[in-house]
There are 2 protein chains.
Amino acid sequence: MSVTLKDVAQAARVSVSTASRALTGTGLTSERTQQRLVRIARELGYRPNPIARGLKTGQSRLVALLVHNLTNASFQVMAEVVQARLKALGYQMLLCIGGDDPQAESDTLTTLVDHRIDGLIVVPTGKNGAQLETLSKDVPIVCLVRRDDATDLETVLADDPQGAYLGTRHLIELGHKRIGLIVGRQDTTSGRERLSGYVRALREAGIARDDALIHAGHYVPETGATCARKLLDLPRPPSAIFVANHEATLGVLRVTAERHIAIPGDLSLLCYEDMPWFEWHRPAISIVDNGARDLANLAVDRLLHRMDAKGNSKGNGSDGVREYRVGARLIQRDSCRRIDATAPARSAKSKPSSSKSSAAKSAKV
Amino acid sequence: MSVTLKDVAQAARVSVSTASRALTGTGLTSERTQQRLVRIARELGYRPNPIARGLKTGQSRLVALLVHNLTNASFQVMAEVVQARLKALGYQMLLCIGGDDPQAESDTLTTLVDHRIDGLIVVPTGKNGAQLETLSKDVPIVCLVRRDDATDLETVLADDPQGAYLGTRHLIELGHKRIGLIVGRQDTTSGRERLSGYVRALREAGIARDDALIHAGHYVPETGATCARKLLDLPRPPSAIFVANHEATLGVLRVTAERHIAIPGDLSLLCYEDMPWFEWHRPAISIVDNGARDLANLAVDRLLHRMDAKGNSKGNGSDGVREYRVGARLIQRDSCRRIDATAPARSAKSKPSSSKSSAAKSAKV
DNA sequence: CTGTTAGCGCTTTCAA
DNA sequence: TTGAAAGCGCTAACAG
């Protein structure tokens, strides 16, 4: 079928080994034969077979990205970034979707290693630490977005404590005192950290924490809807809701629409994580950007670094740092408004998006 | 590092070939050795090396999916479906993102073939027909969503003519006579076909086609916004807009929000292609579902069929059919309303989502 | 039913 | 600087 190294060697009347050396560019051939071989290879349309090469070298030019799904905009961005970066370097991306299921993660992991992937970026479920730890002996691994506490793998995380803090503080600065929080499961890094940032901002502002305002659950629209109802049904409902994830935000928006609650007139809404349509939505949804693009880029950087270090067998490329944080930032759009601290939370229905200008400047980092 | 077939064979005191036969389950070994080998392999934690196997068999257990991006919800769904189906069969998915760029597509294609992928599902740009045609000699290919007219590759398409027809007819049945269309570029299959379906529905209803109501452009929010403005600025603006793609719909929604045009009170909006948040948006956006999930499943079916046929070398598995269509269906939500044919298009602002019940039953297919 | 032998296409000793 | 030869881990004739 295709042109092999042997064909090239024959055409050039040299041995395969010479051909190999010339084409892989080890300076172990004479300048002349080198160039000649390159030319002939091109003429013949020779393309090295990565499989054969891999069998010998143990490499595959394949890098895997394991994420939970493609519904989440952050994961979409990450997949696109990782793909683009790797392609530019001649790697192909194996995209795996684990659905946040430990069993699926475990299975996938072994198959990936079977395929002799050269590197792995994984959003861990947190339940396969031992396996990850073992695999990391063979292949460079970088964890993304979540840490697997059972490992000390290099991990690239969003600065969730800071992001949640910034968001909450922003709402406080706008005059909100009762701020509802819809946050993720507390057995994930991000769930815990976002809660902690929220709590810290309240504490600093001298606002008492009210557990009736805090709800944790899965990152799905249903959770958002359920929690929003609970919050709004409170005797003293919050004047602002901070939703720590974009899927849940969909649920919240539905509830507010159903109940004809104007945003930001009756309720301010702040969301953690961006999503393309938040900008197009009216009112445009203010967010705390988790920096998905930066996270992915950093993860790729770190992975490449480790892959490189492994190749040169100079240490494991860890650089001594185990955890990287990518800063979150507040992006103000139109879903939060300044309220008069003395007025009741639920004012008259109306006063549409005009809060933009009145909003405080971005909190300093 | 890992356990090889040789290790298993030695442990079992048989030759590697026997071990191979036993483990690959060709009925060419005695029941006893077969089971013994399987047991020993398991005990040793043997995992076959796909690279080595691939070198011999020419297969890789890798299937590639080449799409334009991951921003589009249809592509997200397709990627998830393809990934899930393939994983269940022991294949890994190589996800490539071509950005609808012919050069990128071409490059990717060659790399994929280098990697000896076992199959390819591709959303073609339409500019690399010759290359695709050539590659299809070596590897089973199924085109998805778009046809590459320069080839006669098996192609799985949405039934865009029908979908656009259904959508348009639905609007007509609701009493709309001036229906704006924001459609895709006319050099793509879907762009042309969606326009044709629209035109056919108008013709059947005896409504004259008005080119001022038809705008074609890229599938991006900006296009939607620009076209929406043009449509709404018309001396006689449309009473309904049919947006032939979800990205463009974002742009349209922004414009209507900016101008305080109530949907569906002042304007009915129908969108081609679903997106998770359309359902959560208020008013929930009515759509023509292109059946992304079905498309992906069918593409996988066809690909597997061809891969299978190729393996058994019984023909090319084409079954004589070159083109498959997956039916589109209308999903009514709350963004279209019945209008009084005699009333002016722009009525008083208000009358929010209550058109659901009054909407006509789904057009029959 | 099983073992022996020969590669798949490439890299990499080891000699020359 | 080059060639010959070995071998990565596996499968598949071909004998026995």
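Just so it is clear: chains get the letters A, B, ... in the order the sequence lines come, proteins before strands, and each one is counted from 1.
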Exercise: identify the closest heavy-atom pair between B:D100 and B:R146: OD2-NH2, 3.0 Å
Which atom of B:V156 lies closest to which atom of B:V142, heavy atoms considered: CG2-CG1, 4.0 Å
Which whole-number value in Å describes the distance from [X] [atom1] to [N] [atom2]?
{"X": "B:L5", "N": "C:dG3", "atom1": "CG", "atom2": "C1'", "value": "14 Å"}
{"X": "B:R61", "N": "D:dC10", "atom1": "CZ", "atom2": "P", "value": "15 Å"}
{"X": "A:N49", "N": "C:dG7", "atom1": "CG", "atom2": "P", "value": "18 Å"}
{"X": "A:I51", "N": "C:dT11", "atom1": "CD1", "atom2": "C1'", "value": "16 Å"}
{"X": "A:H115", "N": "D:dC8", "atom1": "NE2", "atom2": "P", "value": "21 Å"}
{"X": "A:L23", "N": "D:dT2", "atom1": "CG", "atom2": "C1'", "value": "15 Å"}
{"X": "B:K56", "N": "C:dG9", "atom1": "NZ", "atom2": "P", "value": "9 Å"}
{"X": "A:Q59", "N": "D:dC8", "atom1": "CD", "atom2": "C1'", "value": "13 Å"}

A:Q34 vs A:V16, nearer the 5' end of DNA chain D by closest nucleotide: A:Q34
Polar contact flag, side-chain donor to acceptor under 3.5 angstrom, B:E105-B:N128: yes
Check: A:T155/A:E323 side-chain N/O donor and acceptor closer than 3.5 Å: no
Between [X] and [N], is there a contact of a side-chain N or O with OP1 or OP2 at under 4.0 Å?
{"X": "A:T33", "N": "D:dT2", "value": "yes"}
{"X": "A:T18", "N": "D:dT2", "value": "no"}
{"X": "B:T57", "N": "D:dC10", "value": "no"}
{"X": "A:S30", "N": "D:dT2", "value": "yes"}
{"X": "A:S17", "N": "D:dG3", "value": "no"}
{"X": "A:R53", "N": "C:dG9", "value": "no"}

Which nucleotide in D:dC10, D:dC8, C:dC10 has an atom nearest any side-chain atom of B:P48: D:dC10
From C:dT2, C:dG9, D:dT2, nucleotide with atom closest to A:L55 side chain: C:dG9
Check: A:Q59 main-chain N/O paired with A:D118 side-chain donor or acceptor under 3.5 Å: no
Residues A:D149 and A:R147 bridged, charged N to O under 4.0 Å: yes
Contacts of B:F75 that satisfy ring-ring contact (aromatic ring centres under 6.0 Å, His included) - sequence neighbours left out: B:H68
Among A:V145, A:L144, A:L132, side-chain contact (heavy atoms from CB on, under 4.5 Å) partner for A:V122: A:L132
Touch class at under 4.0 angstrom, heavy-atom based, for A:S20 against every strand present: base
Pairwise N/O distances under 3.5 Å, protein to nucleotides 14-16 of chain D:
none

